[in-house]
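Per chain, numbering begins at 1; letters A, B, ... match sequence-line order.
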Amino acid sequence: MFPWVYEFRWTTGHLLFLGIFFSVLLTIGLTVVRAAWKTYRDFQDQKQEHLSWKADFEDLSPLARSCRHEISGKVRRRSCPNEFDCRVCANHRVTAGRLPSAGPPARRGADAGFCGLDVPLDRLYHRGHTWVKEEREGVYLIGLDDFASRLIGPPDQVDLPAPGTRLQANGKGWRMRRQSTIVRILSPLDGEVIGQGGAQQGWYLKVRADSRGNKMDHLLRGEEVRSWVLRELERLQMALATDGVGMSLADGGELVYDVTLQDPHADWDSVLGEMFLQA
Amino acid sequence: MSNRITRRNLFQLAGGSALGMLLSPVPWKLLDDSAIWTQNWSLTPKLPRGPISIRNSHCTLCPGGCGIAARCVGGHPYGLRGTGQHPVNSGFLCAVGLAGHHYAYHPLRIDAPCRFTGREEDSRLIPASLEALLSEMSGSRNSTGGSRPGGSIAILDSRPGRSVSQAYQEMLSRIPGSVYLTPPSNEESTLEEIRQISGVDGWGFDFENTHTILSFGAPLLDGWGTPGRIARRFFHRSPKELILIQAESYRSRTAVQASRWLALRPGTEAVLAMALAQVLLQDGLCPTDIPVRVADWQEFKELAFRLPIAAAAEKTGLPVSAIVEVAHALAGSSSIVLGGCDPGGGPLDRTASRAIACLNILLGNIDQPGGIISRREAPGVGLHSPRGLPLSDVADHSIRWMIIDSAASGYSFPLSLLQHKLMHDKGRIVCLSPYMTPIAAYADYIIPTPAHLESLEEVGTPPGAPASSWGLSAPLLPRTAQSVDPLDLIPKMSEALGFPGGPNTSRQELLKQRAAAIMAARQGTVFHPGKGAAVKVSTRTGTGDFWNLLLEGGCWVDDPTPPRPATRFTMLGKEQPWRERLTARLEQPGPSPDQLVLMPVGWKNATSSGSVPPMISKLFQESDCRSLAGTVLAHPDTAASAGISSEGKVRLQTRSGEMEADLKLDPALMPGVLHGAVGPCVNQAQTLRQAPAEGLLALCPVEEDGSWRITPAQMKKA
Amino acid sequence: MIEQTLPRLPVESAPAHTIRDWKAMEKKWIPRGLPRCSPGRFYAWLAPWLLLLAIGAYAMYLCFAEGLQHTNMDNRFAFGLWIYLDLTVIALGAGAFFTGFLFYILRWKEMTAVINAAVVLGFICYSSAIAILLVDIGQPLRAWFTFWHPNVHSMLTEVTFCLSCYLTVLAIEYLPVLLKNRKLRQVPLFLVFEYELHRVMPVLAGVGTFLSFFHQGSLGGLYGVLHGRPFAFREALGIWPTTFFLFILSAAAAGPSFVLLMARLTQFLSRKQLVRAEVFAQLGKVSGTLLLFYVLLKTLDTMLWINRIYPQTGFSPYSFYAEPSFGTWVLLLEIIGLGLVPALFLVNPRMREKPWVLTLMAFLACSGVAFNRFVMTVQTLALPTLPFDRFLRYVPSWQEVAAFLAVLAYGVLLYSFSFRYATLFPQERDLRNQ
Amino acid sequence: MEQKNKARYGMVVDLDRCTGCGNCMMACAVENNLAPAEKKANDRTGITWMRVYAMNNGKAFPAAETVFVPMACQQCDKETPCIAVCPQNAVDRDPGSGIVGQVPQRCLGCRYCMTACPYHARYFNWSDPSWPAGMEKALNPDVAPRMRGVAEKCNFCHGRWHAARARAAAQGRSEPDPADYIPACVESCPSRAILFGNLDDAGSEVAKACQEGNCFRFLARLDTESKVYYRSAKPWVREMAEGNRMPSGKDGNLS
């Protein structure tokens, strides 16, 4: 092909043809290089947690991706376009703005029981079934909600991040194993781990939230928590119906503790994955 | 400023060099050249290297006597062509001769005495030894006691007329009951009959000056005689009119080129010849002196009128008008009528040959320019006649030792012919052959002889030539150590049989004597290949020079022989044995229309009996230029009458046996006739371990008249 | 930096020794929530295909080691089963480019249901085409020469360039499907790379569409330019013969049908609903419309061919269809039976609604394209050109058939693996939930 | 593709002279180092740069007529089918002689050229060429043997063309003497059925012969401008050859 090898003559045809095809090759190459470069940058920018979640989110079922305002009945139909990050959601600002201010979380006690679940409204809930409760200024406790605890039951293993680890909202929080099922729990907020708890303590992580962007807008609170829990029970029922080998929650769903034990044949892997927003 | 070279500098240098190299042609050229590396794998051979030269010699594959010019690299021939201006072949060779230099590397080359354990298909090749042969020979002497040999010994000489042939004859002349044989096929069969009719020896065809040729199946344009000579006559002198009438059942290559093709029913050659004679006589087309010169004129005339023309026309399958036209065409100008012999199909029967020879005499062709002219023998042949007994004429089961000098080249004959001549049980065949051929495989002893172009040979007068010629085939290749010169073997065999003291001259001496004899006669011209021209022998004085010139590919050609004074003829023989035979032939009823006949067809030098160069696969195997052995060609109607509608495997059956063959349909062929190709086996695929098969000839029994051209056959689907 | 974020996969309870452990481990590779048969059954299903693959590999080894004498191709039938196979799988693999085109360029969101399957099918088709081509050429070691000494006038150069480029594109498109495997996605690097790749996918889809147009066309041009073979030769529009455009169109028509057919087949074999009926109908509609258009052009082209090229080249119109086994029925079957009929059924919305009609017609459409490639390859070569030629027959040798089946087996294996361990049909989970 | 030639070598084959003897095929095979047939080779897989076909008039006995047609590469000049299709320029047309040549070292064996050639003049090495033991000593030193997996074809004895040019250069001439460059098939033909020479040299025998009325080209209507002409006085031969195929496709073969 090169002029000094054999008697090669460049003609218009050559220029055109080879021009086109080397452009194509270049385009393909550049595209891949760009993707690789962006990947590198993403890691530099610590965006991997966020992007992983984004990727996961795309693979969630439509029901799981419903907007919180659809669940609470404020809008008719909306699928979350922002991977549950309401902090950047313009719709949320509009919809939430029309509503009574979220205000500080209500105190514990009132109406803590709901559908047989302990859903105290003194804390904020994340769609991944964690709650966030301020312990002191800037320091938050993160725990599993009752729904999740009942689903998983006593974990066989909990793999908590070491103190000092940075967490990202919707990024990986920690992992729990129950029998052969491993569940990834999403972190509800951005911050740095400063303490490890456990099932016994009632909370799992103590986190110092980032001073900046310390907004909790993306977390569920107040009334909408209940409609969300209802939706989650509904989803669980559905998941159980398809993967639970016909198992279903009795009369409107009273969740027993450690559901896993109820039916060892059920595809808990699938059910838990569905409920904990895993792809 | 530090001048220290750091590792970093080195890396920079290396990197920079690499980049710089990329801008130079070197890496690209190397990458490009890797293409050539993929070529130089061990599976393609290394080409020979060395000085290029041209060496002249003669081809001895058949009696054609063609001069060859070999292009050699490092002394090894790598390409052959005809010697330019050569008086015999005019610079042309046949397809087989063109690959003559490949014979030495023949995959079926025999390098030690050996034999097959039997004649069955699964027989194995085992080593034999010359000593064992000689001791069995002397054992055969002892078994009957005394000095009488145990039965007769025969030598079948595939190329009679050589000095070596004379040595054979000399040896045999001292052994009582021995016989010198020649192969059954002979391109000079017409000339042989004329010799018998006229009682005078030495005739040749004057194709160069003739106007009309009637050929009864002679493959004139497909290897007959010296192909170069025929081609020169047919194609190189286009202004000179030549009419070729080809009479044969098969649309052969000659028939394709002929001016007229007479689709003659198989076996009716004699009928056509006699019908033509009748027309000549009836229309007064015979020269006036002929009735006077023919002793048995009346008898012959009676015979010629025995069958009415119309009956003859019906028998031959030709219209009456065609017969009349041909007769007139022959009488109208100088003409030659010659009987054919398909190299595969074997010779015409002698009855037909006799009728054809008579036709020539009626036409007044004898000793006429453009007819059949006198040819004197080359000097030095004197002692023994070059003619031997045709193999078919030997009494059955009479031969104890059959020695075959080189497997028949050019012609094939059924092995059953050999078998019938051998004594029951005791008969032994010794085959002197460089290659494994079906005949060699049939032999009890196979003695390797030098391959083509490996030994000093001579070439005599080619068949049908107008003048005698003689040349040498100087070896172009070194002889292998194991090969045995037949000339060295003859005294040993003679001694083993109890007749010691044969001629003990070397081959070179023998040939030198012959050269000296020719030189002494001081006649003819000698062709100088270097000059491309011939000079009169008389102008050359030194015998040594003559010899050297012959070694360099020179060729001696005799001057034209002056016509003899009016020869007298006895058409039907002294005791007129031919009258009955011809009568029988004329009155023989034609074959029934639903009777299929099998006719073997072949090509000179590439028949099933002989050996062919490996490259011949181009013609037989890698193209359909020629039919491979075992192919049967038939008209679709012929096949349909046997209940076969498509090409493919069929079974052929004759009274000699049964065989599977490949049927090819060709509407151009005569219905009712099966043409069985007697081609060579494909050599490259063969190994010495397996005996080459005889092919379709095994189905062709030898008739009483010594021919095997036409055999009633049956065909059915395999 | 990146190293630190590399997998910290959860500790497994114990190394897997037992079959049960192995089964549990294997299950971790299957996408969550997608029921798949037991590994035993899965590998039992693979076994016969693996056997075919092994036989084919042996046949290919024979061809590599001893040359193409192991095939029944010859100097007249220089192209045989393999080239036919190449043309057909590439035509069917057009589903990848065309679905990608619909999804990424025209933004038909519903195509998301089959885009992964289409990409995998495309990758299988193209990689097997290249694999078989490498066996088919006499000197595979010199396969790169086309890039080194390109003859830009040759259709085969275009094909070679486009095929290799497009296979690269398909491999890149296939990568995200693999990286999204449940186990692999736990590696953040993979998932992030997948995410970034996904973002540039429209560019690649565009490039793929461009390349596909070129090489599908060039494959048609391959025969259309043979002015020594009047049966295949077509007049040029611009620099390309009409077959160039016909091949593009027919491949674009067959591609969606093939995706449809394969999805249906997968549904049938796995006994699950994987794709919504309306997506099938959409594919059928696209396929039918293109096919109808193709049939019209093909008819026009055939008329031109009969009335212009026949007389020009001196061949009688009957000579091409003189052989009883390749009579005019070939032309009728190709254009009407396997062209017009499926096209009319597919464009009819009421017919499309019947699943079996849709499937059958998709099958007919694919067969039609395969038959067209067969005719272009085999009949072109079988027909005599010289007056003393004969119509020739060719029957592939076992080695050719084995290599053919090996490619089929390779496709089945790769598709089975992809179906089991990757998400080929994103709607599957939702359809299950409903 | 079209380039100015210094010479344009071509042939005129007189079919009325061809006896179908096969000399040209043998001479070609020997000259160009073709290997003898491999065991399984047949008339469809064998390699015969020059091949003699039998062409029949399609009639039955006794009206059947036959001519033999020696057919090698027809050396097409116009849009040479094989040159245009070769993906890696392994087929070229020498501007000095007009000869279409094959570069076996560059051929990757795709066989596209073979499908493109209407004359079936191209051959493929289906297996490794093999010669009987020792026969490599008898190979032509001027012609490189080809390897398995590549296409090959007649190149008008390129080895001889190079040798003739070298001889001409040695004698200080730029172009070889026409008498010095004769392909093996031409040389070996005993009936002188093949004329060979420079078609552009108006004085040459071929240039005159190809202008004659009974001269034609095979498949002339495909418009490949082949440089191998044929001639025959038989009208049916010319008619069939130029592409007006008889409707009956089946031809018998004469051997």
CZ (C:F79) and SG (D:C110) are apart, to the nearest 0.5 Å, by 6.0 Å

Can you say whether the rings of D:F218 and C:F388 are parallel (under 30°), tilted (30 to 60°) or perpendicular (over 60°)?
perpendicular

Shortest non-hydrogen pair, D:P118 vs C:G228, comes out as CB-O, 3.0 Å

Check: Taking it one step at a time, do C:W144 and D:L108 satisfy side chain to side chain contact (heavy atoms under 4.5 Å, CB included)?
Finding: CA-CA 9 Å; C:W144 56 278; D:L108 52 81; over 6 Å; no

Heavy-atom nearest pair, C:A78 first then D:T115, reads CB-CG2, 4.1 Å

ask   = D:Y112 and C:M155: side chain to side chain contact (heavy atoms under 4.5 Å, CB included), yes or no, with the steps?
value = CA-CA 10 Å; D:Y112 188 20; C:M155 285 291 159; 4.0 Å; yes

Assert top hit (heavy-atom pairs under 4.5 Å, partner chain C, pool D:A90, D:P87, D:G149) equals D:P87

- State whether a side-chain donor-acceptor pair under 3.5 Å links D:H120 with C:D389. yes

_Regarding C:H227 and D:T224, do their side chains bring together a donor and an acceptor under 3.5 Å, going by distance alone?_
no

Answer yes or no: are there more than 12 heavy-atom neighbours, outside D:K59 itself, under 6.0 Å from its atom NZ? no

Okay, D:C117 and chain C: the region with an atom under 4.5 Å from a heavy atom over there is backbone

In short, D:L222 meets C:P230 closest at the heavy-atom pair CD2-CG, 3.6 Å

Which of D:R122, D:R44, D:R111, D:K40 passes salt bridge (charged side-chain N to carboxylate O under 4.0 Å, His left out) with C:D74? Answer is D:R44

Bottom line for C:T71: the part with an atom under 4.5 Å from chain D's heavy atoms is side chain

Cut-off 4.5 Å, heavy atoms of chain D, and the answer for C:F64 is backbone

side-chain contact (heavy atoms from CB on, under 4.5 Å) with D:V85: of C:L222, C:L156, C:L226, C:T157, only one passes, and it is C:L226

Here the pair of heavy atoms bringing C:N75 nearest to D:T45 is ND2-C, 3.6 Å

Just do the side chain to side chain contact (heavy atoms under 4.5 Å, CB included) check on C:L68 and D:R148 with the steps written out, would you?
CA-CA 8 Å; C:L68 294 174; D:R148 163 227 298 179; over 6 Å; no

Between D:M114 and C:R229 the two heavy atoms that sit nearest each other are O-NH2, 3.7 Å

Residues pairing under salt bridge (charged side-chain N to carboxylate O under 4.0 Å, His left out) where one sits in residues 23-32 of chain D, two or more places apart or in two chains, turn out to be B:R71-D:E31, D:E31-D:R160

Bottom line for C:I137: the part with an atom under 4.5 Å from chain D's heavy atoms is both

Closest non-hydrogen atoms of D:M55 and C:P387, given as atom of the first, atom of the second and distance, are SD-CG, 3.7 Å

